[in-house]
Amino acid sequence: MCSEAPIGLFDSGVGGLSVWREVVKLLPDEHTVYYADSAYCPYGQRLPDEIIERSDRIMDFLIGQQQCKLIVVACNTATAAAIAHLRAAYPLPFVGMEPAVKPAALHSVTGVVGVLATQGTFKGRLYHETLERFAGHVQIIEQPGDGLVELVENGATGGEEAQALLEKYIRPMLHARIDHLVLGCTHYPFLIPAIRKITGDGVTILDPAPAVAQRVKFLLSQDNLLNISGGEARHEFFSSGDIKTLQRLLP
Ligand code: DGL
């Protein structure tokens with residue numbers, strides 16, 4: 001494995017860019033390749049086998065063609081469905097997404113935590129194990145964010161439709177007195193300004209992306225795979241669908 005090889009990241013669409021930006025911030029010397037599976041987005045209501053099949057095709061590209069040294073599954077739904085398969089099938093490190101239920105449960109004062117995620121993430125074994133291990137002492141309010149991924153993909157994060165949908169999903173959580181809101185989908189950080197209009201500052205919004213970036217750094221340094229060759233980092237973006245969706249959210 002070559003330390004100058006890129007880090008690969010993928011998501012069903014643009015959501016994983018919320019993880020990509022944290023990885024690039026923490027590891028500015030690393031080359032990256034990002035793959036948005038926009039032609040198959042959203043993943044949220046697909047069967048696990050379909051997502052595993054898509055993940056394998058994406059590995060053909062990220063590992064087979066781009067020779068990535070580490071893969072970030074920058075999608076909670078794909079992590080839930082496919083990360084065990086990916087780790088067993090390919091000989092390189094994988095970092096997945098895990099809803100930040102643990103810190104939320106640890107720091108909650110009201111004892112009520114809200115989780116916004118896709119149906120696929122809520123159904124996953126990983127999520128239930130996390131709940132059992134870390135959140136037995138708090139009340140968890142689960143809310144599937146149906147329709148939110150599509151709004152982010154369409155660049156409609158600041159519109160009335162997004163605001164109304166978020167209001168419908170989050171207002172009942174506020175009535176139940178949540179003090180932490182866990183974002184369990186990598187698309188949702190792009191909705192934080194709209195979410196804040198509803199929650200105000202009294203609710204802590206948790207996005208696991210910075211912790212994921214730390215994990216990437218830890219694994220690369222452990223395997224002596226940090227890029228220390230100098231020179232400017234190269235960032236490449238690919239999509240199975242319309243690349244314009246991705247371009248809209250790039251810095
Ligand atoms: N960004 C994906 C996630 O984190 C979105 C899933 C979807 O495409 O529905 O779950």
Side-chain angles (χ1 to χ4, degrees), residues 8-23 34-55 57-58 62 71-86 94-101 104 114-128 130-131 142-157 161-162 165-166 169 181-192 194-195 205-213 215-216 237-242 245-246 248-250:
L9 303 96
F10 78 96
D11 177 45
S12 62
V14 298
L17 290 176
S18 66
V19 183
W20 172 85
R21 66 188 175 188
E22 294 298 329
V23 170
Y34 183 95
Y35 189 91
D37 201 13
S38 306
Y40 294 83
C41 186
Y43 277 1
Q45 292 179 20
R46 288 188 186 278
L47 293 171
D49 279 353
E50 284 180 85
I51 299 175
I52 288 173
E53 164 66 20
R54 287 308 306 153
S55 301
R57 296 294 68 78
I58 295 167
L62 290 178
I71 304 292
V72 181
V73 183
C75 173
N76 293 73
T77 314
T79 301
I83 200 153
H85 161 78
L86 292 171
F94 284 85
V95 179
M97 305 301 301
E98 191 183 308
V101 170
V115 184
L116 199 56
T118 68
Q119 311 262 13
T121 296
F122 282 130
K123 283 189 199 133
R125 193 165 52 97
L126 199 68
Y127 173 71
H128 289 280
T130 307
L131 281 193
E142 293 174 0
Q143 175 61 59
D146 296 347
L148 295 176
V149 165
E150 291 85 336
L151 288 169
V152 175
E153 288 290 318
N154 295 333
T157 51
E161 200 184 334
L165 211 48
L166 287 167
Y169 295 156
L181 176 61
V182 175
L183 302 184
C185 169
T186 55
H187 280 73
Y188 301 166
F190 294 109
L191 291 161
I192 287 177
I195 293 173
I205 299 174
L206 288 167
D207 166 17
V212 166
R215 180 78 187 150
V216 171
F237 300 89
F238 298 87
S239 171
S240 57
D242 187 351
T245 319
L246 206 51
R248 213 176 14 230
L249 276 172
L250 287 176

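Start at 1 and go down the list; that is how both ligands and their atoms are numbered.
Nearest-residue assignment for atom 3 (C) of ligand 1 (options Ile51, Asp37, Asn76; heavy-atom criterion): Asn76.
Of the N and O atoms on the side chains of Ser38 and Thr245, not one donor lies less than 3.5 Å from an acceptor on the other residue.
Here the heavy atom of the protein found nearest to atom 7 (C) of ligand 1 is Tyr43 N, 3.1 Å. Thr77 OG1, 2.5 Å is the protein heavy atom nearest to atom 10 (O) of ligand 1.
The ligand atoms of ligand 1 that sit less than 4.0 angstrom from a heavy atom of Gly44 are 7 (C), 8 (O), 9 (O). Interface of Asp11 with ligand 1, defined as ligand atoms under 4.0 Å from a residue heavy atom, comprises 1 (N), 2 (C). Those atoms of ligand 1 with a heavy atom of Thr118 less than 4.0 angstrom away are 6 (C), 9 (O), 10 (O).
Of all heavy-atom pairs between Leu246 and Ser239, the closest is CD2-CB, 4.5 Å. Summarising the geometry of Ala117 relative to Gly184, their closest heavy-atom pair is CB-O, 3.6 Å, with the distance given to 0.1 Å. Contact detail for Ser12 and Cys41: the closest heavy-atom pair is O-CB, 3.1 Å.
Both the backbone and the side chain of Thr186 come within 4.0 Å of ligand 1, counting heavy atoms alone. The side chain of Ser12, and not its backbone, has at least one atom closer than 4.0 Å to an atom of ligand 1 (non-hydrogen atoms only; side chain from C-beta on).
The neighbour count for Tyr40 OH, taken as heavy atoms of other residues, nucleotides or ligands under 6.0 Å away, does not exceed 12. The 12-atom threshold is exceeded at CD of Glu50, counting heavy atoms of other residues, nucleotides or ligands nearer than 6.0 Å.
For the pair Thr121 and ligand 1, the shortest N or O to N or O distance does not fall below 3.5 Å.
Note on ring orientation: taking the six-membered ring where Trp is involved, the planes of Phe122 and Tyr127 are perpendicular (angle over 60°, cut-offs 30° and 60°).
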